[in-house]
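Report on the following structure.
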Protein chains: 2
Amino acid sequence: MVRQARNARERARGELTAAIKDEARRQLAAEGASRLSLRAVAREVGMVSSALYRYFPSRDELLTALIIDAYDAVGAAAERALAEAEQAGEPFGARWLAVCRTVRAWALDHPHEYALLYGTPVPGYAAPQTTTGPASRMPSALLRIVRDAHAAGELREPVSGGPAPTEELLAQAEQLAVLLEIAVPAAATVEVLIAWAQLSGLVSFELFGQFHGVVDARDALFDHAAAGLATRVGLAPSPGVR
Amino acid sequence: MVRQARNARERARGELTAAIKDEARRQLAAEGASRLSLRAVAREVGMVSSALYRYFPSRDELLTALIIDAYDAVGAAAERALAEAEQAGEPFGARWLAVCRTVRAWALDHPHEYALLYGTPVPGYAAPQTTTGPASRMPSALLRIVRDAHAAGELREPVSGGPAPTEELLAQAEQLAVLLEIAVPAAATVEVLIAWAQLSGLVSFELFGQFHGVVDARDALFDHAAAGLATRVGLAPSPGVR
DNA sequence: CCACTTTCGAGAGCAGTGCTCTCGTCCGCC
DNA sequence: GGCGGACGAGAGCACTGCTCTCGAAAGTGG
């Protein structure tokens, strides 16, 4: 009974916290992070602005919560796409492409949330440790494809061009692979890391209007680029897919 | 004399406009675009905020002016790096690397200005036509390297992997090359376009803290990635450079 | 069952923002 | 030399994030 009572309070708190986050996400999706207003959120959930501070100590904390959710959302989408591609018995190159396409699709569906993750960070903001886990889900999915290809003996040498990565870089890649518990040759990890950043560059350009008036055939451009990335990291190109 | 008098006024206006832009750029560099405050700028140049509207009709217009300047600054840096590499008789791959490195260095030196160009756009903002010219300077420099390599008969087939670009994409690339007056095979243009976006992804990741706690050897990572891009667009890897 | 503590929401208020409007003033042109 | 347009200042509007105080609930221990 005592626990009941305590739970009532806590449940109310949990529900309100969720309501605030939902409304905040709504505003984020509609207007972008910079226009997310604490007061407007409070108004919408039927509180006065100061009351909201009982749930989130600052605007940045609210944003952090949204960031974590967004990382989880892209990560989950990527993992789902990968799982489906695996179950369909797709070759590794096709799995890579599937994940890339899914990430892009998510970004186009949630532009402001994607911008929150991979765009300009809010000024005084330093990502707390709690974000790193969710943040790594998407790149981890990419890395796992490479790992599986390697395990299956189908990973080719990375087509990177130029001099081989430095020892320092390989050591860090090794360390990273250990941290993520994904056993991959260090050289391949380096290439995936680079591909991850480059993938984000492609999506950001599209999202942030850099291709506006320059490229219309964005689907084709992206697919071509993503296939190129697959080749670069050592996954055989997937001939049939288009 | 009359012209003198008219010039006196116009010169005063020009000087004040410049002073405002300088102070705005200072604040931008120090604090980032989101913390750039019209009132603070006005205060610093010794005006009241409303007077500033005689010079810039809105905060967005001021930002636009800064954006154009910033595009010109990266563009100029890239062009300078390319010219130097050309005069030094560097091979095409090395020229590519030099431009990439310069762009990255500029970005690391001017993080907030770079973010203004390639990061999250300000919410209601649509880049006016006047920005497209300066914006194309940097990618044009990259494209010219490829053109020159092609003209010299040293451009290899792009190492893109996957299916060839669609007809639609190639047509657009052709069109773009004509617009920029840089005669390059369409397939190569496509690869440069992709490389441009990917380059920006690499720089953004570094700038926006995505590599924080993940990669320390960022110089090595970037050089390796940039060399890879050179290979991808068909420029022979530059063996001696490191 | 009754005190006591914690939790919560509301209100007022502070310092700041972008932007508008009005009102004198001074500069430069006819 | 007068007149129109450019200009700077000031007040004001509707916002923002955030703090502090205060009264009312809700939950806890005796």
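Every heavy atom of this structure was used, including side-chain atoms; hydrogens, water molecules and symmetry mates were not. Quantities reported herein were computed from a predicted structural model and do not represent experimental measurements.
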Q: Calculate the interatomic distance between Leu16(A) atom CG and dT7(C) atom C1'; express it in whole Å.
A: 13 Å
Q. Are OP1 or OP2 of dG8(D) and a side-chain N or O of Tyr55(B) less than 4.0 angstrom apart?
A. yes
Q | Criterion side chain to side chain contact (heavy atoms under 4.5 Å, CB included) against Val192(A), the qualifying member of Val146(A), Ile145(A), Leu176(A), Ile182(A) | A | Val146(A)
Q | Arg13(B) and Glu10(B) ion-paired at < 4.0 Å | A | no
Q.
What I want to find out is whether Arg101(B) reaches Asp219(B) closely enough, with some N-O distance under 4.0 Å, to be called a salt bridge.
A. no
Q: Using atom CZ of Arg11(A) as one end and atom C1' of dG27(D) as the other, report the distance to the nearest whole Å.
A: 15 Å
(Q) Any base atoms under 4.0 Å from Leu52(B), or only sugar-phosphate, or nothing? Heavy atoms, all strands. (A) nothing
**Q.** dC18(D) phosphate, OP1 or OP2, under 4.0 Å from Arg59(A) side-chain N/O
**A.** no
**Q.** base_contact_polar (dG9(C) base, Arg54(A) side chain, donor-acceptor, <3.5 Å)
**A.** yes
Q) Is a salt bridge present between Glu206(B) and Arg104(B), judged by a nitrogen-to-oxygen distance below 4.0 Å? A) yes
Q. Is it true that a side-chain atom of Gln172(B) and a backbone atom of Asp216(A) form a donor plus acceptor pair closer than 3.5 Å?
A. yes
Q. Taking the side chain of Leu38(A) as heavy atoms from C-beta outward, which of dG12(D), dC18(D), dG9(C) is closest to it?
A. dC18(D)
Q | Contact under 4.0 Å: Tyr53(B) side-chain N or O vs dC7(D) OP1/OP2 | A | no
Q: Mind calculating the distance between CE (Met47(A)) and C1' (dG11(C)) to the nearest angstrom?
A: 16 Å
Q: May I ask you to evaluate whether Ser37(B) reaches the phosphate of dG18(C), defined as a side-chain N or O under 4.0 Å from OP1 or OP2?
A: yes
Q.
Any heavy-atom pair between the side chains of Ser140(A) and Trp196(A) that's under 4.5 Å?
A. no
Q) Can you find a donor-acceptor pair, distance only, under 3.5 Å between Ser49(B) side chain and dG18(C) base? A) no
Q | Between dT16(D) (P) and Glu31(A) (CD): distance, integer Å | A | 11 Å
(Q) Check the orientation of Trp106(B) and His110(B). Use parallel for under 30°, tilted for 30 to 60°, and perpendicular for over 60°. (A) parallel
**Q.** Difference in axis direction between the ends of the helix from dC1(C)-dG30(D) to dC30(C)-dG1(D), five pairs, 10°
**A.** 0°
**Q.** Atom-pair distance (CG on Leu36(A); P on dC18(D)), nearest Å
**A.** 11 Å
(Q) Please classify the nucleic acid contact of Leu62(B) as base, sugar-phosphate, or nothing, using heavy-atom distances under 4.0 Å. (A) nothing
Q) Rounded to the nearest Å, what distance is computed from the CZ atom of residue Phe56(B) to the P atom of nucleotide dG18(C)? A) 14 Å
Q: Using heavy atoms to find the nearest nucleotide of DNA chain D for Arg13(B) and Ser50(B) separately, return the residue whose nucleotide is more 5′.
A: Arg13(B)
Q.
In whole Å, I'd like the distance from the CD atom of Glu10(B) to the P atom of dG5(D).
A. 16 Å
Q: Provide, to the nearest angstrom, the distance between the CZ atom belonging to Arg39(B) and the P atom belonging to dT16(D).
A: 16 Å
Q.
Out of the candidates Arg25(A), Arg59(A), Gln27(A), Met47(A), only one should pair with Val41(A) under the side chain to side chain contact (heavy atoms under 4.5 Å, CB included) rule; please name it.
A. Gln27(A)
